[in-house]
Amino acid sequence: MQLFFEQLLNGVAMGAIYSLITLGLALVYGVMRILHVAHAAVYTAGAYVGLYVFTMTGSLLLAVPAAMAACALLGTAIERLIYTPLLKYPPFVPLIGSIAVFLALEEIFRLVGGPYILSFPAEFPFPGITVRGVVISPAIISIYAVSAAVLLLLWFVVTKTELGLAMRATSQDREIAGAMGINSSFTISMTFVLGSAVAAVAGILVGIYFNQVYPTMGAVPAYKCLALIVVGGLGSLPGAVLASLLLGVGETLLIGYANIPLPRDSLAFIAMIAVLLWRPQGLLGNR
Amino acid sequence: MLLELRDLQVSYGDIHALEGVSLSVAEGELVSVIGANGAGKSSLLNCLMGIVPARGGSVTFQGKDVTSLPVHERARCGIRIVPERARVFPRLSVYENLLTGCYGIRNSVGLAGKLEWLYSLFPVLEERKSQLASTLSGGEQQMLAISRALIADPKLLLVDEVSMGLMPMLVDKVFEVLSMLNRDHGLTILLVEQNALASLGISSRSYVLETGRIVLEGPSGELLENPRVREAYLGL
C-alpha cells in the first residue's frame, strides 16, 4: 500500500509537469490555431538556462526567473519570426515551420551544451516528509507547490484579468476581438510570453526531478503534449490539465502494476487514438 | 463630415465586392444603406471597420485618414460595429461580452453607469448576465451585440443587418432602440439592411447599393417614393 501511494504521488507529480507544458500548447492553439511543436524546445531551453544560472550563482531563486525571462523571449521570437509570417498559409505550413524550429533548437542545445546528459544538482532547503511510511521527497513537494502556484496564477490571469479576457476573446473570434479595440497581435505575443515562461518552470522541475538536462529532453514531451491537448479538447485549458494528470497517474500506475509490453510513452498516443475514435471533441472540448 | 468614404474598393481574390463606393455621414445623422443579398453591404461595413482591407480608395474619420489603421485602432477612434449575425463571443458570459466592448477603456467610460443604462434598455441581459452568450436566442444575441458596441460610447455606430433572422416584433423593438439612440442621445449611426422599409423609415438619408456600386442616394422620404426603390426593395 505504501508503494501504491508513493507511485500515485509520483504519477500526479508527472501529470502536474505535463500540464505545465501542455497548457502553453493549449493557450497557443487557442489564440493562433497552431500546433506549437517547438514549445518543447522552449521547455528544454528553460532547463538549460536554469541549469547555467544555477551553476553560476548557486541560487534557484535566480535561476527560475532568469529561465522564465529567456524562454518568454524565445517563445515570442518564434511567434514573431516564424509563425506570424506563415499564418497566411494553410495550417500544415506553420506546423512544418514549428517542427523545423524544434529540430534546429535541439541541434543548438547540442552545440552549446554538449551531446551529453548534464546533472542538475539542486538541493532543496527543506527535508522530505514521511506520512505513515509513505516517503515524500523534497523534489515531489516542490513540484506540487510550484505547479499548484503556477496553475492558480494562470487560472487567475485567464479568467480574471483584462489580458485573459483579450486572450479568450481573440481565441473565439479574432476579427471581432479587434473590432472591440483588442490588439490581437499583442495579445498573441503575451500568450507566448505566458506559455513559454511556464514551460521554463516545467523544464527546471524535470531537470531537478530526474537530475538530467540534455539536448533531446524535449523530444518525447513535444509529441506527447500534442496528444494531450487533443485528449483534453483542443484549446480547452481545464481539459489540458485533466488529460495531463490522468496521463501522469495512468503511466506511473500502469508501468508499476500492469505488466504491459508497451513503452510507457505509448500510453498518451493510445489515449489520443481512443479519444479521436470515441470523443473527437476531447474530454472537455466544445463542439 | 464625421465619416467620408472615397471610391472605396474591396475584393476577395478575383471577386470584386465593392467597386468604388463613395458616401458620407455627418455627425448626429442616421444613414442607411439598403441593398439585396450579395450587394456588398457587409463588405462595406467590414472594410470601414478595418476587418477587411481596402484594395483602393480612402476612409476619412473625423478629418483623419484611417484607411491604413488596423482594426483595433479604428475601434479606439470611436468606431464600433454590431456585426452581421451578432458574432458575440460564444464561450464568454454575457457580462464578459460587455466587458470586451470597453476593453482598455473600462475606467474612462464609467462601467457601472453604462451597465445600468444598458440593462434598463435590455432587461433580459441583466437576467442572463452570467450565462454563456451561446445560450442566448438570436434576438438576445443581437441585443448583446448592440450593447457591446454601445458600452464604449461610440462616435459612430455601424449596424450590419440587425434585422436578419429576428421575429418581426423584435425587429420593431431593435429599430425603435436605434432610432431612440440617434434622436435622444445624438448617436451617429450607419445602418446596412435588407429590410428596406424599416431602415428607410428610421433614417434621414439613404444609399442604395447594387453589385458593389451606389446606384441611388437621397433623403429616405424621397427614396420611399422612388418607383425603382418601390419595385425592387419594397415589393410595391
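Just so we're on the same page: letters track the sequence lines, and every chain starts at 1. The model shown is predicted, which means the values in this text are computed figures rather than measured ones.
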* ring pair (Phe, Tyr, Trp, His ring centres under 6.0 Å) with A:H36: which residues, sequence neighbours excluded? ->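 Applying ring pair (Phe, Tyr, Trp, His ring centres under 6.0 Å) to A:H36 gives A:H39, A:Y83, A:F192.
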Contact origin within [X] toward chain A - heavy atom pairs under 4.5 Å:
{"X": "B:R87", "answer": "both"}
{"X": "B:C77", "answer": "neither"}
{"X": "B:P83", "answer": "side chain"}

* Please identify each residue that fulfils side-chain hydrogen bond (donor to acceptor under 3.5 Å, both in side chains) with B:S163, with sequence neighbours left out. =>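 For B:S163 the side-chain hydrogen bond (donor to acceptor under 3.5 Å, both in side chains) partners, ignoring immediate neighbours, are B:E193.
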* Tell me, which pairs form a side-chain hydrogen bond (donor to acceptor under 3.5 Å, both in side chains) where one or both residues lie in residues 119-134 of chain B, sequence neighbours left out? ->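 The answer is B:R128-B:E140, B:Q131-B:T135.
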* To do: Go through B:M49, B:R80, B:E73 and name the one with the most non-hydrogen pairs under 4.5 angstrom from chain A.
  =>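 If we count pairs closer than 4.5 Å to chain A, B:R80 comes out on top.
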So does [X] have more than 12 non-hydrogen atoms from other groups sitting under 6.0 Å from [atom1]?
{"X": "A:E162", "atom1": "CD", "result": "yes"}
{"X": "B:R85", "atom1": "CZ", "result": "no"}
{"X": "B:R55", "atom1": "CZ", "result": "yes"}

* **Interface residues of residues 164-183 of chain A facing chain B - heavy atom cut-off under 4.5 Å** =>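 Counting heavy atoms that sit under 4.5 Å from chain B, the residues of residues 164-183 of chain A involved are A:L165, A:A166, A:R168, A:A169, A:Q172, A:D173, A:E175, A:I176, A:A177, A:G178, A:A179, A:M180, A:G181, A:I182, A:N183.
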* **Rounded distance (nearest 0.5 Å) linking atom CZ of B:R91 with atom OG of A:S236** =>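 Answer for the CZ-OG pair, B:R91 versus A:S236, is 9.0 Å.
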